[in-house]
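Presented below is the structure to which this report refers.
Chain letters run A, B, ... following the sequence lines, proteins first, then strands; residues in each count from 1.
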Amino acid sequence: MDVTLPDGAKLTVSEDATALTVAETIGPRLAKAAVAATVGGRLVDLSMPLHDGDEVSIVTLASEDGLEVLRHSSAHVLAEAATRVFPGTKVAIGPAIKDGFYYDFEFPEAVTEEALARFQTEMERSIKEAKPFVREEVSRERALELFEDEPYKAELIRDLPEGETISLYRHGDFVDLCRGPHLPDTGRIPSVRALSIAGAYWRGDSANTMLTRVYGTAFPSRKELDAHLERLEMARQRDHRKLGRELDLFSFHDEGPGFPFFHPKGMRVINALLEYWRAEHRAAGYEEIKTPIILDRALWEQSGHWDNYKDNMYFTRIDEADFAVKPMNCPGGILVYRSAQHSYREFPLRMAELGLVHRHELSGVLHGLFRVRTFTQDDAHIYCLPEQIEDEVVGVIDLVMRMYRTFGFEKVHLELSTRPEKSIGSAEMWEAAERSLAVALERTGLEYSLNPGDGAFYGPKIDFHIEDVMGRTWQCATCQLDFAMPERFDLEYVGVDNQRHRPVMIHRTVLGSIERFLGILIEHYGGAFPAWLAPLQAVVIPVADRHNDYAAEVVAALGVAGVRAEVDDRTESVGRKIRDNEMAKVPYMLVVGDREVEAAAVSLRSRAEGDLGHRERDDAVREVARGAGIPVPVLE
RNA sequence: GCCGGCGUGGCUCAAUGGUAGAGCAGCUGAUUUGUAAUCAGCAGGUUGGGGGUUCGAUUCCCUUCGCCGGCUCCA
């Protein structure tokens, strides 16, 4: 029979050929590297019999598919190890995930991190024995019989739709319900590591049993595993909670769980960030407003938050009346809009607000600045005509991309989410809105993916995911069309026809939460902020006490030039001062001693490049000021 | 919220069923220093809070608060 290869070439193989046969026919090296195959786009075992005309592609560990197979097989090996170490363990599910895999177990006893090493030993033993993975297809009855003592597997089997093929994978004594595919044998796992242990609910539902989840990862080589472990360690080193304390940026206290306290240095960073933010927004034609944090219950009833968001809100009473602390800025912003009549001539009306919101998050999900109970949204609401949506969305996308580039977030992934099942508004309204967003995306020429049915109930949206230096992604910016609020608040404008109309409302953020974005920046830069964001931009280091006066002059000159500068006049050695300021990640140091005082000069040192040598004093001030300035918006 | 782990001076960490110790930071003094740590001395903790067991607890138990890891990337 003939099969087709990815390059279109035909290959003639025997009637009983498998994917492995194909790999062997192509070459011994490929046969050795092969771990699975795709047939007609479906990922299958190498041992899968082929049919005439199949499109066959051999999968190796070099591909994403290969990695997934490797990790899924590793999960099985982990389950084998876990049941061996703790007999009587019930197994639940064990999928491959980004960067690794996990397996959920119900252990007969409490299991802690100490068990990881034992799992590791057992896994390595299984790998050494190179046990073949054997696929077997069984009837539903047979499957239920086999997994009689495995309540979770039995539940999964019962939930499988009628007619679905039920397959098992066996390696050694271990059998698991599994769709596959798998590696040919356990010996094909080059490197695996049991990483951590934590609780997880069966099927993610807190009403269900709490299982014990063991996380692990596997890579095509020991070297890649080590590199991954190094990345994890690097991320630990860069943890913003650790750096935030070391750099004296912010703190948390038992008296306010989830409520960050910003220190002077943290506020310097935030203020620089906001200065840049305001410059960009001014350039993009936004006005800025500010609305109250506490507002009357009636407003929240009208906005729908009282019905839909109450569990996340904080409440208080003022003069016998119920008030709520705002979890979002839109209702307040709408009151500003409604405070006057509006004409189409004013549109598009772009009103930004750095709004402080409070949300009651579950205590267990709080996490440094990433998940807090109060934060500042860099919010904005754009009121416009339906035919202006497209231009406005393009404007938002441009603004977002421009600002992200400033922070070195070059890789941004855009996602268009469309109408969900439960939604308001007419079909044609949604269609038009989704089309506007899609057209706007096309106009920017940026790639994006579609997320059907994932929009908000009140309108479609575009989400932006940025990738930091460690390859982790974060959703920060969002751009949502909102049909609900204008309706609920009866928003109007007077059109060219002198009639009242409903404006379109666009809701968007760029940084998302200022606090969270700061956390992301801290980890992205490893605490070494670019000069314009650094809390302290320059330190002048006098060599001896007699140079203090001159050092003060240099600091004053830097200050006049807009540089956040200080003198380090401690009676310490120059080496010590440089070390301390280097640890504090100060971008510039200016050493002044006899030679510099004599020549009205400084010796310039940069955090990144070390000693830059002698400079005229004023040249140095200019050079530092240039490096320390807020980035200037450049409109295309 | 739930499960597991943790909670010792500002920070990092040590110790033990018999009333806690180091380094860094801090303070004082000496040193006046040329590109990543000068030296000496001093001071600092009711071992997260409350309760219990015990002759005695920081160490054991309970409770509470906080922190850390995680809570479908679906066989």
Side-chain angles (χ1 to χ4, degrees), chain A residues 68 71-72 75-76 79 91-104 106-107 110-115 143 147 150 152-160 164-169 176-180 195-215 236 239 241-242 245-246 248 251-258 311 360-368 541-548 569-584 589-596 603-607 609-614:
Chain A
E68 198 185 315
R71 288 166 178 168
H72 191 183
H76 278 228
V91 298
I93 57 165
I97 55 173
K98 182 176 185 286
D99 290 338
F101 61 88
Y102 67 77
Y103 212 112
D104 287 347
E106 186 183 359
F107 288 114
V111 168
T112 63
E113 305 247 317
E114 283 134 76
F147 291 105
E150 290 285 358
Y152 302 103
K153 291 296 178 193
E155 187 179 325
L156 291 169
I157 294 164
R158 277 192 289 272
D159 285 355
L160 286 174
E164 176 105 353
T165 309
I166 297 178
S167 55
L168 310 175
Y169 276 83
D176 201 355
L177 173 74
C178 182
R179 186 167 39 206
L195 286 177
S196 62
I197 217 156
Y201 298 103
W202 169 236
R203 298 192 149 180
D205 186 341
S206 59
N208 291 337
T209 325
M210 172 69 68
L211 304 171
T212 305
R213 174 167 298 179
V214 180
Y215 283 92
R236 256 192 296 281
D239 190 315
R241 295 167 295 189
K242 177 174 177 274
R245 185 171 50 237
E246 287 172 4
D248 196 18
S251 57
F252 283 92
H253 303 272
D254 290 0
E255 290 83 349
D311 290 348
H360 179 84
E361 301 287 354
L362 293 179
S363 60
V365 306
L366 300 177
H367 182 101
I541 298 175
V543 172
D545 288 353
R546 63 180 175 281
H547 311 120
N548 284 357
D569 58 4
R570 294 175 300 161
T571 51
E572 292 286 354
S573 65
V574 171
R576 174 54 178 267
K577 292 182 191 179
I578 284 172
R579 178 186 155 79
D580 287 349
N581 287 294
E582 202 68 51
M583 304 262 276
M589 288 177 231
L590 297 82
V591 179
V592 295
D594 291 333
R595 295 198 292 271
E596 288 76 16
S603 172
L604 188 61
R605 183 190 166 93
S606 107
R607 178 184 63 197
E609 298 155 82
D611 196 348
L612 298 179
H614 192 86

Assigned partner base of G17(B), Watson-Crick or wobble definition, under 3.5 Å: none
Sugar-phosphate, base or nothing in reach of Ala92(A), heavy atoms under 4.0 Å: nothing
Whole-angstrom distance between U12(B) and U8(B), as gauged at atom C1': 12 Å
Between U19(B) and G10(B) - C1' atom distance, rounded Å: 25 Å
Side chain of Arg179(A) - closest among A36(B), C71(B), C74(B): C74(B)
Glu596(A) (side chain) and G34(B) (base): donor-acceptor pair under 3.5 Å: yes
Between C1' of G34(B) and NE2 of His547(A), the distance in whole Å: 10 Å
Sugar-phosphate only, base, or nothing, as touched by Thr165(A) at under 4.0 Å among non-hydrogen atoms: base
Residue-phosphate contact under 4.0 Å: Arg213(A) side-chain N/O, C71(B) OP1/OP2: yes
Among G1(B), G34(B), G70(B), the nucleotide that comes nearest once only the side chain of Ala198(A) is considered: G70(B)
Same-atom distance (P) from C6(B) to C13(B), integer angstrom: 15 Å
Inter-residue atom distance Phe101(A).CZ - His76(A).NE2, 0.5 Å rounding: 11.0 Å
Short side-chain N/O contact from Arg245(A) to OP1 or OP2 of U12(B), under 4.0 Å: yes
G-U wobble or Watson-Crick pairing nucleotide for C67(B) (cut-off 3.5 Å, both distances): G5(B)
Sugar-phosphate only, base, or nothing, as touched by Asp611(A) at under 4.0 Å among non-hydrogen atoms: base
Atom P, compared across G41(B) and G9(B): separation rounded to whole Å: 25 Å
Sugar-phosphate only, base, or nothing, as touched by Arg595(A) at under 4.0 Å among non-hydrogen atoms: base
Touch class at under 4.0 angstrom, heavy-atom based, for Ile93(A) against every strand present: sugar-phosphate
Base U31(B) paired with Thr571(A) side chain (donor-acceptor, <3.5 Å): yes
Watson-Crick or G-U wobble partner of G44(B), both distances under 3.5 Å: none
Watson-Crick/G-U partner (both atom distances under 3.5 Å) of C11(B): G23(B)
Any Arg576(A) side-chain N or O less than 4.0 Å from OP1/OP2 of U33(B): no
Among G34(B), C11(B), A37(B), the one nearest Asp594(A) by side-chain distance: G34(B)
Integer-rounded Å distance: C74(B) C1' and Leu156(A) CG: 9 Å
hbond_proxy Tyr201(A) side chain to C2(B) base (donor-acceptor, 3.5 Å cutoff): yes
OG on Ser606(A) to CG on Leu590(A), rounded to 0.5 Å: 11.0 Å
Distance test, side-chain N/O of Ser573(A) to OP1/OP2 of U38(B), below 4.0 Å: yes
Distance, nearest 0.5 Å, that separates CD1 of Ile578(A) from CD1 of Ile541(A): 5.0 Å
Sugar-phosphate only, base, or nothing, as touched by Val365(A) at under 4.0 Å among non-hydrogen atoms: base
Listed nucleotide nearest any side-chain atom of Asp545(A), set U32(B), G34(B), C68(B): U32(B)
Lys577(A) vs Met589(A) side-chain heavy atoms within contact, under 4.5 Å: no
Sugar-phosphate only, base, or nothing, as touched by Glu572(A) at under 4.0 Å among non-hydrogen atoms: base
Which nucleotide in G1(B), G70(B), G34(B) has an atom nearest any side-chain atom of Val591(A): G34(B)
N/O donor-acceptor pair under 3.5 Å between His547(A) side chain and Asp594(A) backbone: yes
C39(B) - base-pair partner by Watson-Crick or wobble geometry, distances under 3.5 Å: G29(B)
Spacing of Arg203(A) atom CZ relative to G70(B) atom P, expressed in whole Å: 23 Å
Between G1(B) (P) and His360(A) (NE2): distance, integer Å: 7 Å
Atom pair CG/CH2 of Leu211(A) and Trp202(A) - distance to nearest 0.5 Å: 7.5 Å
Tyr215(A) side-chain N/O to C71(B) phosphate OP1/OP2 under 4.0 Å: yes
Sugar-phosphate only, base, or nothing, as touched by Leu160(A) at under 4.0 Å among non-hydrogen atoms: base
Nucleotide A37(B), atom C1' - distance to CD of Glu582(A) in whole Å: 13 Å
Residue Arg546(A), side-chain atoms from C-beta onward, closest of U72(B), C2(B), U33(B): U33(B)
Distance between C1' atoms of G17(B) and U31(B) (Å, rounded): 49 Å
Touch class at under 4.0 angstrom, heavy-atom based, for Asp159(A) against every strand present: nothing
C27(B) to C3(B) separation - C1' atoms, rounded to the nearest Å: 46 Å
Separation between the P atoms of G52(B) and U59(B), rounded to whole Å: 14 Å
Arg241(A) bridged to Asp239(A) by N-O distance under 4.0 Å: yes
Sugar-phosphate only, base, or nothing, as touched by His367(A) at under 4.0 Å among non-hydrogen atoms: sugar-phosphate
Interatomic spacing from CD in Glu106(A) to OH in Tyr152(A) - rounded to 0.5 Å: 3.5 Å
Sugar-phosphate, base or nothing in reach of Gly575(A), heavy atoms under 4.0 Å: sugar-phosphate
Nucleotide opposite U59(B) in a Watson-Crick or G-U pair, distances under 3.5 Å: none
Lys/Arg-Asp/Glu bridge criterion (N-O < 4.0 Å) met for Arg71(A), Asp99(A): no
C60(B) to G69(B) separation - C1' atoms, rounded to the nearest Å: 26 Å
Sugar-phosphate, base or nothing in reach of Glu164(A), heavy atoms under 4.0 Å: base
Touch class at under 4.0 angstrom, heavy-atom based, for Pro95(A) against every strand present: nothing
Sugar-phosphate only, base, or nothing, as touched by Ser196(A) at under 4.0 Å among non-hydrogen atoms: nothing
